[in-house]
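Computed from a predicted structure; not experimentally measured. Atoms within each ligand, like the ligands themselves, are counted from 1 in listed order. Only heavy atoms go into these numbers, but all of them, side chains included; no hydrogens, no water, no symmetry mates.
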Amino acid sequence: MNEDALQSAVAVCEERWKKRLLRERQSRKEAEALLEKKSLELYQLGLKLAEESEQRIQDQEAAYQALFDYTLDGIVIHEISGEIIDANNEFIKMLGVSPALISGLKFDGLHSREHLERVKKARTAIAENGAFRYESELVRADGSEFSVEVSSSLLAFENRSVVQTFVRDLTERNSLIATLISAKEEADLANQAKSQFLANMSHEIRTPMNGIVGVTELLSRTPLRTEQSELVNTIQRSGENLLDIINAILDLSKIEAGRLKLEEKPFSLEDCVESALDAVKGLASEKSIELLCEIAPEVQDGVIGDSVALRQVLVNFLGNAVKFTEDGEVKLHICQKGLEQKKNGSAVQKLVVKVSDTGIGMEQEVLNEIFKKFVQVDGSTTRQYGGTGLGLAITQGIVNAHKGTISVKSELGIGSEFSVHVPYRINIQVQPKRRRLYPDKRLLLVEKHPSILAWLTNECQDLGFEVVAFGDPISAGRYLGESDIAFDVALIDMGMDLLDGFEFAEKMKALPGFRETPLVLISCLGAETLEKASNASPFAAYLAKPVFRSRLDEVLDLVLTRSEGGADSVIEAQERKKRSLRVLLVEDNPINRRVAMIMLNNLQHEVTEAVDGQQALDLLEQRGGDAFDAILMDVYMPVLDGREAARRIRKLMPENGPRIIALTASALPEEKDEILAAGFDVLLTKPVRIDLLDEALSACSD
Ligand code: ADP
């Protein structure tokens, strides 16, 4: 290469290096500028972040401080040993101390002297479990004390453990509780006063009602023209309605005041059911409604409980069922849904009591409403059917008190069914009766009503009879005429179409081979039928509807024993013996004395009158203890009241004294116990009904 070529090559190289250097310088400059820019950006971002996090911390601190200062509870942070590190405004306000002084105080020392022990316990518990809550009293700066709830827990603070304690002032809560207690006490007192007022009112109203209802009953037994007798009936019905209302209001007030006291006494379920059915029998037979009663065989009859309460439930259901049914039947069914043996040897049977009817029924929507007070599905029912709308509310109250349940099913135009599930303790003293069986006897049954026919067939088959049953007298008559089968006994319904029970019985007796067959009349009529039956020779005995298992057993036993040459007359055995009694009547109210006097005369008893307890005692002392068979005595009287008089009579004649029957217008259960405890044997509530008076006195004839 020559010199020139070499120089030009060097120049080219230099040029290239220069350019490259320039480019590199340029790039470095750009890189430095970029670096500077990015550093600046980073620096600014760092600054922003730092500001933001500081702001967040500040916000959090402010929120905590606000919470700390303005919460409704006092908050104290203190050492485990109790020295206060910090406290919020609320706590300072609670104690009434100056904020500057608070951090010098010891939390434990703020408690009242009596609570120091509790604080010590709290300290140990916090150390062991990390938290503890207790109630105590703190002392304010002015020396006054106030109740607090304290809840403490351990807290990590500046690398050590401190205690954070929440203090809630209970002054307001306690005063609210005190106000509530006193309001409740006041309400209880008012309720008691209301019940007392109702009891007094009921007493006041019953006394003149005794005059009205009693005199009306007596008046209805005298000869009256048709119009007069209708008027007397109206007075009687109105009086009874008024009494029902008074009783319902009184019952409800007892339930609402929680004063419903249930008795624990042995009773027979069947007797209770019979007495409830008795109460509605009259109306049912007036309306030609068939009353049915089925008590399942497994139900134990002897129970312990409150028979009056059960009767009331049954009467309410049955009364409504009969009231709201125009034709068809009302059925009471009792069965057992379980038996519970207790460890102490007693047993409880869970009973299901159902009352169903074929009446007007109800729509589904109203079924939940009818158990409320004063509710009637249709307000006009009161006009058409009577009633207060209280019956089911009372029934529910009674069932609840028995720890039972109540339910209803109903369909408009088809009928209703009310059910109660209720437990009853079995009375182990009463052994279930052994039924006499008739394995080789044949029984004829003629009964119009299909349900009764089915029930009686079943029952008689259970007793071992061969049963031949007919639903009408014509087919039964045809059968008897055509076959030569003999029967040992026949049960015949009284109210059959075409041929009534009497006519059928006479025709049957006229057939050869049936002259000696004992016939039993089944009827829903009462004593009148019995009388007619005893005059009309075809019948050997009488069975009242609804037929009870025990009655059926009794009657079959009697007629079959007699046909075997046993008892003389079944009718006679069924009639109660009666004799005239010497009764001492003690009553201050002249009208009521007159009413009782006439009733006793009507019942053919011999009466001596006294106007107060003292006069009665004087008479007893003069004439001697055996001068009277019974004493019928008012409870409230001037000079010497009935209770005191009864006590003295019992003292005077501790043994074999006359039976003392109390007359009272009060219906409170606690009073009833008190009256009986004074020495009375039995209690009659005014207005007195002649049949109940007769029943109470009949015990003296035994
Ligand atoms: P009341 O004294 O009016 O009968 P209850 O509390 O016993 O009061 O009954 C409330 C209402 O429930 C009745 O007025 C009636 O409308 C309805 N009711 C109760 N039982 C029956 C029933 N067996 N059939 C139809 N409606 C009934």
Side-chain angles (χ1 to χ4, degrees), residues 202 237-256 260 273 276-277 279-294 308-334 352-402 404-422 451 546:
S202 126
R237 268 204 311 276
S238 309
E240 278 159 10
N241 283 347
L242 185 55
L243 262 180
D244 285 346
I245 297 171
I246 297 168
N247 288 340
I249 293 178
L250 194 72
D251 284 342
L252 199 71
S253 86
K254 262 187 282 175
I255 290 170
E256 289 193 336
L260 183 70
V273 166
L277 284 162
V280 298
K281 244 182 192 171
L283 186 59
S285 100
E286 244 172 58
K287 293 175 87 174
S288 299
I289 295 168
E290 209 63 57
L291 267 185
L292 304 167
C293 173
E294 288 177 17
V308 178
L310 176 63
R311 182 180 186 275
Q312 198 170 355
V313 169
L314 296 177
V315 170
N316 273 342
F317 283 159
L318 290 166
N320 278 343
V322 172
K323 188 160 82 173
F324 295 111
T325 301
E326 286 319 317
D327 59 346
E329 59 182 48
V330 166
K331 183 158 136 191
L332 170 64
H333 179 89
I334 304 185
V352 182
V353 180
K354 280 189 186 156
V355 174
S356 54
D357 64 58
T358 53
I360 59 170
M362 288 168 276
E363 308 222 28
Q364 301 308 304
E365 301 85 73
V366 302
L367 296 183
N368 285 334
E369 299 297 307
I370 53 171
F371 292 98
K372 294 182 182 157
K373 283 181 287 184
F374 299 109
V375 169
Q376 293 179 313
V377 172
D378 170 5
S380 63
T381 50
T382 318
R383 244 171 295 130
Q384 195 187 343
Y385 299 107
T388 54
L390 291 176
L392 290 177
I394 294 170
T395 306
Q396 184 156 50
I398 297 176
V399 173
N400 289 348
H402 278 87
T405 55
I406 197 167
S407 58
V408 56
K409 285 197 276 192
S410 190
E411 219 174 305
L412 203 60
I414 305 285
S416 311
E417 182 184 275
F418 285 84
S419 309
V420 164
H421 284 67
V422 66
S451 308

Give the numbers and elements of all ligand 1 atoms closer than 4.0 Å to a heavy atom of [X].
X	result
Lys323	1 (P), 2 (O), 4 (O)
Leu390	6 (O), 8 (O)
Leu392	5 (P), 6 (O), 7 (O), 9 (O), 10 (C), 12 (O), 19 (C)
Ile370	12 (O)
Gly389	1 (P), 2 (O), 3 (O), 6 (O), 8 (O)

Looking only at distances, can you tell me whether any N or O atom of Gly391, backbone or side chain, sits closer than 3.5 Å to an N or O atom of ligand 1?
yes
I want to know if ligand 1 touches Gly361 in the polar sense, i.e. an N/O pair below 3.5 angstrom.
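No; every N/O pair is 3.5 Å or more apart.
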Within the 4.0 Å heavy-atom cut-off, what Asp357 brings close to ligand 1 is side chain
What do we get for Phe418 next to ligand 1 when only non-hydrogen atoms under 4.0 Å count, side chain, backbone, both or neither?
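Just the side chain.
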Can you check whether [X] reaches [Y] side chain to side chain, under 4.5 Å on heavy atoms?
X	Y	value
Ser356	His333	no
Asp357	Phe324	no
Val399	Val422	no
Ile370	Phe418	yes

At the 4.0 Å heavy-atom cut-off, does Gly359 count as touching ligand 1?
no
Leu242: what forms a side-chain contact (heavy atoms from CB on, under 4.5 Å) with it, not counting sequence neighbours?
Met209, Ile246
Judged by modelled atom types alone, do Ser451 and Glu290 share a side-chain donor-acceptor pair under 3.5 Å?
no
Under 3.5 Å, side-chain donor or acceptor atoms of residues 310-321 against the rest of the protein: list the pairs with distances, not counting sequence neighbours.
{"unit_1": "Arg311", "atom_1": "NE", "unit_2": "Ser275", "atom_2": "OG", "d": "2.4"}
{"unit_1": "Arg311", "atom_1": "NH2", "unit_2": "Ser275", "atom_2": "O", "d": "3.3"}
{"unit_1": "Gln312", "atom_1": "NE2", "unit_2": "Asp251", "atom_2": "OD2", "d": "2.5"}
{"unit_1": "Asn316", "atom_1": "ND2", "unit_2": "Gly391", "atom_2": "O", "d": "3.1"}
{"unit_1": "Asn316", "atom_1": "ND2", "unit_2": "Thr395", "atom_2": "OG1", "d": "2.8"}

